[in-house]
Amino acid sequence: MNVKTIAIMGATGHVGTGLSHLLLGRGLRVRATGRNGEKLAALKGKGATTYSIDFTDSSALAVAFTGACLVYTMISPGYEADDFGRYQDLVSEAIVAALKRAKVKYVLNLSSLGAHLPEGTGPIAGLHRHEERLATLPDLNVVHLRPTSFMENFYWSTPTIKAEGIIASSLKANLPIAMISTRDIAEIAAKIIEGPEFTGTSVFELLGPEEVTMNSAAKILENAIGKKIRFIELPYKDWEKVMLDAGMKPSAAGLFVEMARAFNERKIAPTQTVSRGHRGKTRLSDFAREFARALQA
């Protein structure tokens, strides 16, 4: 595919920022959309055309998409929304309307492992609905990237790690998860964008290079930080209360509890044969060193 101009949603997030820099470094034109003005300014300084957009605004999205050879789509976190699932649907509907208006033919969509399931997976079910909406667009060629849990999710635990040396959730302490770095997702996404032309609809699941439990993850982070860290497996109701006390809206907290339950019950698991190409390169010990530096900043 002779890709020249790429529109990237969520260009100020972990995956989007990395993808934007990779594509700019390889000479592609990037249209970066997001809400973080400071990060958008940094991308503009690197040569990107930037758009500060409300992702529920289909008209604004269409402006950013028009003329792009390919659009990287994603539903940005909307934890401040009173109804998290409804927020996901509003963004999804806006994306589909904008793609149709801009007559986009190629999409790389960031979804999630488990998005083949219509329900029972918390916020991932909203990504399933988005995949279904994209399927309604005639002649759209789309690859759905379905990564597993991000290593960067440990940043959510920064306050409790600093204060008490604790990581807490309702994930089972000894549940193996092949966590992946968002840097690796960005690199794989860039390869797909620069690779051969794709047609129709396909799914590509992404995993990290190794399976790690929450207990072992705590030890790996502890070794990098030099501070005692332990993982506490909380009952679902207790973890929901922790999230609510931290300011998360009830709808989002409830969905995250449902997602943890789905992981624990192995509902969220690979459906494809896992080859080397499906795995990132970054080990959790590599990420832990980066995490330690961020913690000390």
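Numbering of residues begins at 1 and proceeds along the displayed sequence.
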Flag yes if [X] and [Y] sit in one hydrophobic cluster, no otherwise; membership is Ile, Leu, Val, Met, Phe, Trp, Tyr, and two members link when side-chain heavy atoms are under 4.5 Å apart.
X: L207; Y: L171; value: yes
X: V203; Y: V142; value: no
X: I185; Y: V143; value: yes
X: L175; Y: V212; value: yes
X: L24; Y: L40; value: no

Within a radius of less than 6.0 Å around NZ of K249, do more than 12 heavy atoms belonging to other residues, nucleotides or ligands occur? yes

Please determine whether the number of non-hydrogen atoms from other residues, nucleotides or ligands lying under 6.0 Å from atom NZ of K100 exceeds 12. no

Heavy-atom check, side chain of [X] versus side chain of [Y], under 4.5 Å:
X: L255; Y: T121; answer: no
X: I268; Y: M259; answer: yes
X: I6; Y: V71; answer: no
X: F204; Y: H144; answer: no
X: L137; Y: V96; answer: yes
X: Y72; Y: V15; answer: yes
X: E194; Y: R26; answer: yes
X: R35; Y: I53; answer: no

Without hydrogens or angle criteria, can the side chains of [X] and [Y] be said to hold a donor-acceptor pair below 3.5 Å?
X: R101; Y: S59; answer: yes
X: S251; Y: D83; answer: no
X: T213; Y: S216; answer: yes
X: D184; Y: T282; answer: yes
X: E80; Y: Y87; answer: no

Is the backbone of [Y] close enough, under 3.5 Å, to the side chain of [X] for a donor and an acceptor to pair up by distance?
X: E152; Y: T182; answer: yes
X: Q272; Y: E205; answer: yes
X: S111; Y: A115; answer: no

Determine, stepwise, if the pair I192 / L145 fulfils side chain to side chain contact (heavy atoms under 4.5 Å, CB included). CA-CA 10 Å; I192 293 173; L145 285 182; 3.7 Å; yes

Over all atoms of both residues, closest heavy-atom pair of [X] and [Y]:
X: A190; Y: L19; answer: N-CD1, 3.7 Å
X: L244; Y: P250; answer: CD2-CA, 3.6 Å
X: E211; Y: P176; answer: OE1-CB, 3.6 Å
X: I75; Y: S92; answer: CD1-CB, 4.1 Å
X: I188; Y: G277; answer: CD1-O, 4.2 Å
X: M9; Y: T73; answer: SD-CA, 3.9 Å

Member of P147, P270, S149 meeting the side-chain contact (heavy atoms from CB on, under 4.5 Å) criterion with L113: P270

Name of the residue among L108, T199, V107 meeting side-chain contact (heavy atoms from CB on, under 4.5 Å) with N141: T199

Side-chain ion pair, E222 and K227, N-O less than 4.0 Å: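 No salt bridge links E222 with K227.
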
Just how far is it from atom [atom1] of [X] to atom [atom2] of [Y], taken to the nearest 0.5 Å?
X: L28; Y: I193; atom1: CG; atom2: CD1; result: 8.0 Å
X: L70; Y: E197; atom1: CG; atom2: CD; result: 11.0 Å
X: T56; Y: L61; atom1: OG1; atom2: CG; result: 8.5 Å
X: H116; Y: K267; atom1: NE2; atom2: NZ; result: 10.5 Å
X: S181; Y: L284; atom1: OG; atom2: CG; result: 10.0 Å
X: L127; Y: Q88; atom1: CG; atom2: CD; result: 5.5 Å

For residues 226-266, pull every pair meeting ring-ring contact (aromatic ring centres under 6.0 Å, His included), keeping only residues two or more places apart or in separate chains.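 Non-adjacent pairs meeting ring-ring contact (aromatic ring centres under 6.0 Å, His included): Y79-F256, W156-F256.
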
Of all pairs that satisfy side chain to side chain donor-acceptor pair (under 3.5 Å), the ones with a partner from residues 168-180, not counting sequence neighbours: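 Found N174-N215.
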
Residue pair I167, M214: steps toward the side chain to side chain contact (heavy atoms under 4.5 Å, CB included) verdict: CA-CA 9 Å; I167 299 170; M214 294 304 290; 4.1 Å; yes

Which pairs with one or both residues in residues 127-140 pass salt bridge (Lys or Arg N to Asp or Glu O under 4.0 Å), sequence neighbours excluded?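 Of all non-adjacent pairs touching residues 127-140, those that pass salt bridge (Lys or Arg N to Asp or Glu O under 4.0 Å) are D89-R129, D89-R133, E93-R133, E131-R146.
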
Salt bridge (Lys or Arg N to Asp or Glu O under 4.0 Å) contacts touching residues 53-74 (sequence neighbours left out):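 Pairs touching residues 53-74 that pass the test: none.
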
Can you sort out the partners of T158 under side-chain contact (heavy atoms from CB on, under 4.5 Å), two or more places apart, ordered by chain and number? Y155, K162, F291, L295

I8 and L23: side chain to side chain contact (heavy atoms under 4.5 Å, CB included), yes or no, with the steps? CA-CA 10 Å; I8 299 179; L23 297 181; 3.9 Å; yes

Determine whether H14 and F150 satisfy the following criterion, ring pair (Phe, Tyr, Trp, His ring centres under 6.0 Å), listing intermediate values before the conclusion. CA-CA 10 Å; H14 286 296; F150 297 171; 7.9 Å; no

Could you list the residues that satisfy side chain to side chain donor-acceptor pair (under 3.5 Å) with R31, not counting sequence neighbours? none

Verdict with supporting geometry, L134 and H130, side chain to side chain contact (heavy atoms under 4.5 Å, CB included): CA-CA 6 Å; L134 288 173; H130 181 51; 3.7 Å; yes

